[in-house]
Number of protein chains: 2
Amino acid sequence: MTLKQLEAFYWAASCANFSLAAERVCVSISSLSKRIAELEVSLGVILFDRSGQRALLTDAGAALLPRAQAMLRDAEAIRRDVTHDSGIRGTCRFGVGELTALTWLPTLVSNARQRYPELRLEPSVDAGSSLGALERRVHDGALDFAVIAGRSSSPEMTSVDLGEGRFKWVGAPALVGNARVVTAKLLASTPVITLPPGTGTHRVLDEWLGANNHETPQRLTCNSWGVVAGLLVEGLGIGFLPVAWADQLTARGELRSLGTRHALGPLRYAFYRRRDDTRPLVTAMMEVVRESIDFSVPGRWMRR
Amino acid sequence: MTLKQLEAFYWAASCANFSLAAERVCVSISSLSKRIAELEVSLGVILFDRSGQRALLTDAGAALLPRAQAMLRDAEAIRRDVTHDSGIRGTCRFGVGELTALTWLPTLVSNARQRYPELRLEPSVDAGSSLGALERRVHDGALDFAVIAGRSSSPEMTSVDLGEGRFKWVGAPALVGNARVVTAKLLASTPVITLPPGTGTHRVLDEWLGANNHETPQRLTCNSWGVVAGLLVEGLGIGFLPVAWADQLTARGELRSLGTRHALGPLRYAFYRRRDDTRPLVTAMMEVVRESIDFSVPGRWMRR
DNA sequence: CGCGTTTACGCCTCACGTAAACATC
DNA sequence: GATGTTTACGTGAGGCGTAAACGCG
């Protein structure tokens, strides 16, 4: 039994498949498989049930899992304490939505690089695909954490609230004319440009429509905030943008702000991580996220 | 950092020198040294101060020691629990005095072999050398434990009381004639045959002499109980033997029991182990010792 | 046939022991 | 010179990745 074997086993048991685990451990799938097989020989116990297509933990494997985790945690603690070093190094893969990517992600990367120079960051931007995609990738072990709108659905995940983003209704001056508010008539005559169903933003729209008893208007969706803003500026419909973006474009005269009876609900963001992943790396990154997150950034792509 | 490196480090730090540690780990001194050197490189810390003749723990090494021990303990616990196995295997080196060796040591070996068939026992009999020899060998790491008369002197050792052995004065019929008690006159005219100074038995004699205000008689010492008994039977002096031995030889008529005003003090035996050695192996062996120890065994060598 | 895991195999590193060298007392 | 540790070095096992094979859906 070696620490390498325990590490291979732990990640293989924690990730969706050996492939993802092998990436974590930075070895080939073949080596990962062999390390696990050797651990099984060493302990004289079968850890995975290979009868199916994917390897599943046996009871013995489930019994070993927490102990292996404890060993790895202790080993990490030794490296950290004896070396007098944060121990935050290696690779950190995380996911964010496109809105985050376009606003405070650069701040996050900058802060993280400054605080943990030896940490290699691999942000993965999920461009408005279905809401659960990032969460699933965290759950599968492909990502260390994700910043997502909404709360966790799986009991194996934990989410920590990070604050909320707010939106403002806007429309191109040429489209809305003298209108200053979003009326039922306006909604009936022009499409709402927003993100696709399944995204947090789309849900904000649904809730707003329900609260205002509006009929469902025609929707024009695109999975890119940049494109959404562009379409709005082009006057192809009305919609809402993050407050900072809306203010900037309104100040330039490219868009006009539209009032509403009820304000758009906020979009709450949360830090998602696997409940059983207690690595200091993830907690450290959560702190960096907390101090980097800022919904008032106008978005770099706008600074033409 | 590997478990092997931690193991090498732990035993090197716990034993008196690398030689003894290498025996524990069952590798050459060279390999042990290299493992430690590699651990130092891996952690980026010097663990031993090699300036002197013997390697001494540095502060960093002292900080690592308990953590390394914890890691090894956990690793052992995994092997034990996952394998559903006592985990008592390998080699157990221990020391006993000659009196023990001649009485209940066979019982101990038998019980231990029955209970832990995979455990290889290496008893080391200390034939009446100085009292501290066995204790020092335990302290140095050459032995896992020892059964010694008397209590621990070092704060790094713990001793657990195991019971007491009692003695009876005897003399050969031809020597003592009609005498039935040990008198000052008898002590003045004939030597006392016993173990050498520094042994627990010798101390029992000293205390008895003091309690009875006897002058120090002539002593004939030998580091072998067998020889002592033989000399007594041959009538070369008086002395005392473990009760069971004395009774047996008295019943055969080879010796005659001698009364005294004050009885000989008991010789208390204790199980000695290093305080910081918390291996289940040692505790398990202590249990076997407790159920094997029996001072009423007449001693196998007597069954001619 | 795709996906996930294992096996085959050549390569090369690394860990081992023997023996010599080194250092301290 | 005795004791204790490290270095030199040749050898062999074992861990690695590529690529092919296997097995389940």
Side-chain angles (χ1 to χ4, degrees), chain A residues 1-43 45-58 60-61 72 75 90-91 136-137 139-142, chain B residues 1-43 45-58 60-61 64-65 72 75 90 133 136-137 139-142:
Chain A
M1 185 176 68
T2 70
L3 287 174
K4 282 203 218 178
Q5 290 169 0
L6 289 173
E7 189 186 25
F9 164 74
Y10 172 72
W11 286 111
S14 299
C15 294
N17 52 49
F18 284 19
S19 237
L20 292 173
E23 281 192 26
R24 290 271 188 181
V25 189
C26 296
V27 294
S28 68
I29 306 174
S30 156
S31 292
L32 187 96
S33 167
K34 225 182 309 186
R35 282 190 191 175
I36 294 169
E38 280 160 3
L39 179 60
E40 287 176 319
V41 170
S42 160
L43 293 178
V45 163
I46 300 298
L47 299 171
F48 284 97
D49 173 14
R50 279 105 160 161
S51 66
Q53 178 166 329
R54 49 199 324 118
L56 293 174
L57 264 191
T58 61
L72 297 174
T91 302
R136 185 179 47 73
R137 290 176 65 195
H139 183 268
D140 285 355
Chain B
M1 185 176 71
T2 69
L3 285 173
K4 282 202 213 178
Q5 289 169 0
L6 289 172
E7 188 186 24
F9 163 75
Y10 172 72
W11 286 111
S14 300
C15 293
N17 53 49
F18 284 17
S19 236
L20 291 173
E23 281 193 27
R24 290 270 188 182
V25 189
C26 295
V27 294
S28 68
I29 305 173
S30 159
S31 292
L32 188 97
S33 167
K34 225 184 305 185
R35 282 190 190 175
I36 294 168
E38 279 160 5
L39 180 60
E40 288 177 318
V41 170
S42 160
L43 293 178
V45 162
I46 300 298
L47 299 170
F48 284 97
D49 172 14
R50 278 104 161 161
S51 66
Q53 176 165 331
R54 48 199 325 118
L56 292 175
L57 263 191
T58 62
L64 176 61
L65 187 53
L72 297 174
R136 185 178 49 71
R137 290 175 67 196
H139 183 268
D140 285 355

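Just so it is clear: chains get the letters A, B, ... in the order the sequence lines come, proteins before strands, and each one is counted from 1.
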- How about B:Y10 and B:L64: do any of their side-chain heavy atoms sit closer than 4.5 Å? no

- Query: Is any side-chain nitrogen or oxygen of B:S33 closer than 4.0 Å to OP1 or OP2 of D:dT5?
  - Reply: no

- Minimum-distance nucleotide to A:Q53 side chain [options: D:dG25, D:dT3, C:dT5]: D:dG25

- Message: Could you go through B:E40 and B:R50, starting from their C-alpha distance and side-chain angles, then the distance that decides it, and tell me whether this counts as salt bridge (Lys or Arg N to Asp or Glu O under 4.0 Å)?
- Response: CA-CA 13 Å; B:E40 288 177 318; B:R50 278 104 161 161; 2.7 Å; yes

- Let me know the distance between CD of A:E7 and P of D:dG15, rounded to the nearest Å. 15 Å

- Item | Atom pair distance, as rounded to whole Å: CG in B:N17 and C1' in C:dA23 | 16 Å

- Whole-Å distance separating the CG atom of A:L32 from the P atom of C:dT6: 9 Å

- Item | Whole angstrom value for the distance that separates C1' of C:dG17 from CD1 of B:I29 | 11 Å

- Query: How close or far is atom C1' of C:dT6 from atom CD of A:E38, stated in whole angstroms?
  - Reply: 13 Å

- Check if the side chain of B:K34 and the base of C:dG17 share a donor-acceptor pair of N or O atoms closer than 3.5 Å. yes

- Query: Taking atom C1' of D:dC22 as reference, at what distance in whole Å does atom CZ of A:R50 sit?
  - Reply: 14 Å

- Query: A:K4 has an atom NZ; how far is it from atom P of C:dT13, in whole Å?
  - Reply: 14 Å

- Message: Just so I know, are the side chains of A:F18 and A:I36 near enough to count as touching, which here means a heavy-atom distance under 4.5 Å?
- Response: yes

- Message: Of the listed nucleotides (C:dT18, D:dT5, C:dT5), which one gets closest to any side-chain atom of A:R54?
- Response: C:dT5

- Can you tell which of C:dG17, D:dG17, D:dT6 lies closest to the side chain of B:V27? C:dG17

- Please name the pair of heavy atoms, one in B:R24 and one in B:C15, separated by the smallest distance, quoted to 0.1 Å. CG-SG, 4.2 Å

- side-chain N/O A:R35 vs D:dC16 OP1/OP2, d < 4.0 Å: yes

- Query: For the pair made of CD in A:E40 and P in C:dT5, what is the distance, rounded to whole Å?
  - Reply: 13 Å

- A:N17 and A:S19: side chain donor to acceptor below 3.5 Å: no

- Message: Counting distance alone, no hydrogens or angles: does the base of D:dT5 have a donor or acceptor under 3.5 Å from a partner atom on the side chain of B:S30?
- Response: no

